[in-house]
Colleague: 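One structure coming up, written as structure tokens, with questions to follow.
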Amino acid sequence: MAALTAPAAAPGTTAPSAPPSVRVLYFAEPLPGFPGHRDYVLVPGDTAGLLFWLQSVAPDGPRFLTVSARDFFPDYRPVVPLVVRSELGLDDVDQAQVLCLVSVPGGDPTEATANLRAPVVVAPSTHCARQVIQSDPDLPLRRRLRR
Amino acid sequence: MLTLTRSVGETIRIGDDIEVHVVEVRGGTVRLGFKAPREVTIHREEVYRQIAEANALAAQVTADSLGALAAFAPVTAEPAADQVQDAQA
């Protein structure tokens with residue numbers, strides 16, 4: 001996978017404090033509704049590591065706010081089928097980064113919900129990802145974030 | 001849209017490696033079986049549409065919400081070592 005890095009400083013100049021390289025996440029299958037986008041970057045949305053922007057690398061591509069499922073929903077256990085683990089190169093499912101897309105109806109954060117029916121599963125070692133639609137119909141599309 | 005008539009036990013082939021089998025017809029319901037490469041995902045249309053609609057809503061979120069949302073995380077959250085389930089399917 002490609003990595004986006006800051007350009008080197010010109011000779012004779014002082015290098016600015018370069019941001020860390022950002023790995024491109026490759027989606028083997030585009031997110032439903034966004035068929036033209038397979039390459040994304042994951043950008044921290046806060047300093048605590050709870051929120052992330054899943055941002056398409058395309059200039060006009062989509063951007064999704066996601067939450068770390070591990071932190072927001074400790075009891076959440078999405079299923080990752082064998083075929084998906086193989087596709088992502090996910091040898092150890094415990095190492096997967098699981099993110100849930102967030103919606104904020106009307107722009108009101110108190111009404112914000114997370115999609116537990118179709119989490120985004122990221123394999124940290126390969127930087128491959130997929131939105132994995134769960135077969136359990138009881139998993140909510142819109143789980144309130146506010147307790 | 002292509003329309004085909006098939007009976008129980010008959011098959012439709014899509015491309016070289018996707019088969020759709022008519023398993024059962026009862027009343028107004030049809031049971032279908034699929035043979036496809038592992039990388040081909042198959043979903044009920046209404047489920048896929050729900051996810052696509054939810055994704056479209058999620059793509060409208062702005063940075064204005066960030067500060068409030070982080071506060072909704074459980075303060076006592078502990079890392080869950082076995083958060084993701086294996087599935088042999």
Side-chain angles (χ1 to χ4, degrees), chain A residues 28-29 31-34 45-48 50-51 53 62-87 90 93-96 98 101-105 107-110 112-113 115 117-118 121 131 133 135 137 141-142 144-147, chain B residues 1 14-21 23 29 31-89:
Chain A
E29 181 173 313
L31 276 72
F34 296 88
D46 67 338
T47 56
L50 301 172
L51 305 172
W53 291 106
R63 180 178 75 163
F64 306 94
L65 183 63
T66 69
V67 294
S68 162
R70 186 158 300 187
D71 292 305
F72 274 81
F73 309 107
D75 298 327
Y76 178 47
R77 300 287 186 272
V79 173
V80 180
L82 180 60
V83 62
V84 173
R85 281 184 282 144
S86 175
E87 172 191 76
L90 190 59
V93 292
D94 292 341
Q95 298 302 315
V98 181
L101 272 59
V102 172
S103 296
V104 183
D108 180 358
T110 63
T113 62
N115 181 351
R117 185 74 191 276
V121 177
Q131 189 171 26
I133 298 177
S135 58
L141 265 174
R142 297 175 186 83
R144 287 278 294 268
L145 285 180
R146 189 183 188 188
R147 312 280 161 168
Chain B
M1 178 169 60
I14 302 173
D16 287 334
D17 48 14
I18 297 177
E19 297 177 16
V20 182
H21 296 261
V23 176
T29 302
R31 291 184 67 214
L32 301 173
F34 299 87
K35 287 184 180 177
R38 287 156 38 119
E39 65 271 19
V40 174
T41 55
I42 300 170
H43 302 289
R44 292 177 174 86
E45 169 64 17
E46 63 272 23
V47 173
Y48 187 89
R49 190 179 299 272
Q50 285 178 347
I51 302 301
E53 290 173 355
N55 286 348
L57 281 175
Q60 298 174 13
V61 175
T62 68
D64 299 340
S65 308
L66 285 180
L69 292 180
F72 296 154
V75 280
T76 57
E78 294 290 336
D82 57 344
Q83 190 191 12
V84 179
Q85 295 181 44
D86 283 344
Q88 299 304 317

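Letters A, B, ... are given to chains in the order of the sequence lines, protein chains preceding strands, and every chain is numbered from 1. What's counted below: heavy atoms across the whole structure, side chains too, no hydrogens, waters or symmetry copies.
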Colleague: Taking all heavy atoms of A/F72 and all of B/F72, pick out the closest pair and write down the distance.
Modeller: CE2-C, 3.8 Å
Colleague: Against chain B, label A/T66 side chain, backbone, both or neither, depending on which of its atoms sit under 4.5 Å from a heavy atom there.
Modeller: neither
Colleague: Looking at chain B, which one of A/G33, A/A112, A/P137, A/P109 has the largest number of heavy-atom pairs inside 4.5 Å, strictly under?
Modeller: A/P109
Colleague: Can you give me the closest heavy-atom contact between A/W53 and B/A63, atom names plus distance?
Modeller: CZ2-CA, 3.7 Å
Colleague: Could you pull out the closest heavy-atom pair between A/R63 and B/T62, with the gap in Å?
Modeller: NH2-CA, 4.4 Å
Colleague: Contact part of A/L51 toward chain B, heavy-atom cut-off under 4.5 Å: side chain, backbone, both or neither?
Modeller: side chain
Colleague: Are B/L69 and A/V67 close enough that some pair of their side-chain heavy atoms sits under 4.5 Å apart?
Modeller: no
Colleague: Highest number of heavy-atom pairs under 4.5 Å with chain B: which of A/D46, A/V102, A/L50, A/L101?
Modeller: A/V102
Colleague: Could you look at A/L65 and say if it's the side chain, the backbone, both or neither that has a heavy atom under 4.5 Å from chain B?
Modeller: both
Colleague: Could you look at A/L141 and say if it's the side chain, the backbone, both or neither that has a heavy atom under 4.5 Å from chain B?
Modeller: side chain
Colleague: Rounded to the nearest 0.5 Å, what separates atom CG in B/N55 from atom CG in A/N115?
Modeller: 6.5 Å
Colleague: To the nearest 0.5 angstrom, please state how far the CD1 atom of B/I51 sits from the CD1 atom of A/I133.
Modeller: 5.0 Å
Colleague: Take atom CZ of A/R144 as the centre, draw a 6.0 Å sphere, and report whether it contains more than 12 heavy atoms from other residues, nucleotides or ligands.
Modeller: yes
Colleague: At their closest point, which heavy atom of A/S103 faces which heavy atom of B/A54, and how far apart are they?
Modeller: OG-O, 3.8 Å
